[in-house]
Amino acid sequence: MSLLVDSFQEYSTWRFALSQAIRKYAQWLEKSRLTDGQVEMRLDRALERLTDDKLSIAFVAEFSRGKSELINAIFFADYGKRILPSSAGRTTMCPTELQYDETMESSIRLLPIETRAKHASTAEYKMYPDEWTIVPLDTSSGDGMLEAFKRVCETIRVPIELARSYGLYDPQDSNNNLIVDAQGTVEISRWRHAVINFPHPLLEQGLVILDTPGLNAIGSEPELTLNLIPSAHAVLFILAADTGVTKSDIEIWSQHVGGGKQKGRMVVLNKIDSMWDELKKPAEIDAEIQKQGASVARTLELEHEQIFPISAQKGLVAKVNHDDKLLRRSRLPLLERALSLDLIPAKQQIISEQIESELEGVMASIHNLLQARQRNIVEQLFELRGLRGKNRGVMTHMVTRVRNEKDEFDQSLMRLQAVRAVYTKLNTEIFTALGMEALKSEIGTTREAMLKSRLTIGMRSSMGEFFSHLRSRLETVSKLTAEITQMMQAMYRKFSEEHGLTLRKPMQFSTLKFSKEIDRIERIYQRQFSFAKTLRTEQLALTQRFFESIAGRTKETFEIANRDVEAWLKAVMAPMEAQVREHQIQLRRRLESIKRIHEATGTLEQRISELEEYQRAVETQMCELDEAANNVITVLRTPMEESQLAA
Ligand SMILES: Nc1nc2c(ncn2[C@@H]2O[C@H](COP(=O)(O)OP(=O)(O)OP(=O)(O)O)[C@@H](O)[C@H]2O)c(=O)[nH]1
Ligand SMILES: [Mg+2]
């Protein structure tokens, strides 16, 4: 197996070890009765993030550059044959995702092309299984799989008018190379999107592979440009040595891959075997490959090292026949190595930072709680030991003192009630600004305005308004959360100064990542639509379809924002409530034990030794807690063996 496969497996092992450590920590908390709903929720979120973690790799290129062949060579050589159909001319007709979701049977789900006539994005259609044609997949037979996979390539002939209304045929587009036959029909893909679900070991571990069709199809499916390609962790852009860099290659590169500015974007120069001329010396051939690589780098404005010359076909053949010499010659292992070095450590770092920030708060609040408990015991012991050999007068004085302390604390609790009321009010305001209902109505209004307008200018202004409304909603949320942070900070300070509670400063909620996402969506929209004044039918159809994808993507963004802000709201309030509860209990206990000693219903020494025993128990708890927490942190911060990756 390749290095990429190995290091991906290692990454999965790490994720599993981390889940185990978090589970152990959670179990310990439960055993020690230190959890509450809020803590549980946050630990669950971290665990969910780990199990749902996906690694997606997209293969993007003009048709026939060898995308499908390269996927076969990197991932599916162990089937001993070509699993994804790959042949001359257009083969992959629609975007194809390969993944494994264990809640679904092995199958190919195909979304009919007719759905393009409706205003819904593929992402939305994914929520309605009945809209898809399902082809069962028999994974025990390689031939059976191959047959089933061919369905993805099916085409139909439709009248030009229909193709135009789907946004698939535009006579004025110079990249358009659909041929109209005598009956006035053109050949288009039968499907709009395909999802292949089967339990391949890598897919089981969360790998998602995206195979795409050439420029025509990429440009007409906004879901790809807006969502699937930008969100892929790695994008491999493929050129072919026999065709060189064509105009449409460059268009795909700059419009859809994003010009290589993002991390994890790689350029593959495929089919170098077309340069393996028997009459030339190996050194000469190498020099030619070098030269072409350098020329590609110049054209795309990249460093030479960023271009990977390979032969996918020879790589696949070499793997199937266990021919090491040919495999080396195909240079496929060099690409795989670069991909794993580029991709997996970065992915691990992202997820470990996310999990750490999620857990940090939980761990600190539990730690502080136990520490407060310890401090309380120390104070009580000090108090009680001081009573040894004292007369009743001193004890009466003591009872009064503790009672006063309790009264003062109760006063503060009243003030906390008032803060809670304001907090609830601000909560409501946040969800009004960020709520899905509000977003849906923004989308509705914009959609209507767009349908009415046939002029670019009208369309532009309604889109512009849409984005600026979304931004101002996020700004409102930002202001409201800042207000809450300030209020909570004041409350935290008060409780720590007046009652000795230790609370971590509440963290500020940031809407930055959401407004960045909105900016990103708007940028893609602007890059795509620099049309003339009046829109032609197919441009209109495309813009409207594009809007549906934008709407879908913003809905997703808002859903995440809602979830995040909800978790944050709990995280600022819950630790304080837990500590306040704890402090209340301790004060009551203290008062009771002093009262009992005062009324001579219990003895001082008995109470002292009870407390000492409790102190030892809490100390042990603290040690256990630190151990469980440290264990999680250690796993979290263990980067995958660099040496292994570099091997
Ligand atoms: N000589 C040579 N041919 C290759 C190589 N890789 C792919 N091919 C051939 O190129 C043709 C296209 O390959 P595909 O894998 O179907 O290309 P694709 O990019 O998936 O094309 P579409 O699905 O049509 O968008 C097929 O005939 C392959 O056999 C290679 O490394 N060397
Ligand atoms: Mg293909």
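Just so you know, ligand 1 is whichever comes first in the structure, and atom 1 is the first atom listed for that ligand.
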List every atom of ligand 1 that sits less than 4.0 Å from any heavy atom of [X], numbering the atoms from 1 in the order shown and giving each element.
X    : answer
R90  : 24 (O)
D273 : 1 (N), 2 (C), 30 (C), 31 (O), 32 (N)
F63  : 21 (O), 24 (O), 25 (O)

Using distance alone, decide if ligand 1 has a nitrogen or oxygen within less than 3.5 Å of any nitrogen or oxygen in [X].
X    : answer
R82  : no
D211 : no
I310 : no
A88  : yes

Point to revise | Candidates L207, L210, I71 - the one meeting side-chain contact (heavy atoms from CB on, under 4.5 Å) with I57 | key: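 Running side-chain contact (heavy atoms from CB on, under 4.5 Å) over L207, L210, I71 with I57 returns exactly one hit, L207.
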Return the residue, atom name and 0.1 Å-rounded distance of the protein heavy atom closest to [atom].
atom                    : result
atom 24 (O) of ligand 1 : T91 N, 2.7 Å
atom 6 (N) of ligand 1  : N270 ND2, 3.2 Å
atom 11 (C) of ligand 1 : S87 O, 3.7 Å
atom 13 (O) of ligand 1 : S86 OG, 3.5 Å
atom 25 (O) of ligand 1 : K67 NZ, 2.9 Å
atom 21 (O) of ligand 1 : S64 N, 2.8 Å

Point to revise | Heavy-atom pair with the smallest gap, counting every atom of E62 and R65 | key: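 Taking E62 first and R65 second, the nearest heavy atoms are O-CG, 3.1 Å.
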Practice item. Give a yes/no on ligand 1: does A61 have at least one heavy atom closer than 4.0 angstrom to it? Key: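 No, A61 has no heavy atoms under 4.0 Å from ligand 1.
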Exercise for review: Compute the minimum heavy-atom distance from S330 to ligand 1 and say whether it is under 4.0 Å.
Suggested key: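 Outside the 4.0 Å threshold, so no.
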Check your understanding: Testing E131, E97, E223 for salt bridge (Lys or Arg N to Asp or Glu O under 4.0 Å) with K126, which one passes?
Key ->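 Single pass found, and it is E97.
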Exercise for review: Count, excluding waters, the protein N, O or S atoms that are closer to the Mg ion (ligand 2) than 2.8 Å.
Suggested key: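 Atoms of protein N, O or S type lying less than 2.8 Å from the Mg ion (ligand 2) total 2.
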Practice item. Considering only NZ, NE, NH1 and NH2 on the basic side and carboxylate oxygens on the acidic side, decide whether K347 and D53 come within less than 4.0 Å. Key: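 Yes, charged N to carboxylate O under 4.0 Å.
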Practice item. Compare C94, G66, S274, G214 and give the one whose heavy atom is closest to atom 17 (O) of ligand 1. Key: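 Looking at heavy atoms only, the winner is G66.
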Exercise for review: For I285, enumerate each residue passing the side-chain contact (heavy atoms from CB on, under 4.5 Å) test, keeping only those at least two apart in sequence or located in another chain.
Suggested key: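 Only W276, K280, I289, R329 meet the side-chain contact (heavy atoms from CB on, under 4.5 Å) criterion with I285.
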Point to revise | side-chain contact (heavy atoms from CB on, under 4.5 Å) partners of V317, counting only residues at least two apart | key: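 For V317, the residues satisfying side-chain contact (heavy atoms from CB on, under 4.5 Å) (neighbours in sequence not counted) are N321, L326.
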Check your understanding: Got a sec: does the CD of E284 have more than 12 other heavy atoms crowding it under 6.0 Å?
Key ->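 Count over threshold, so yes.
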Exercise for review: Not counting sequence neighbours, list each pair that qualifies as a salt bridge (charged side-chain N to carboxylate O under 4.0 Å, His left out) and has a residue in residues 136-146.
Suggested key: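 Checked against salt bridge (charged side-chain N to carboxylate O under 4.0 Å, His left out) - neighbours excluded - the pairs reaching residues 136-146 are K81-D143.
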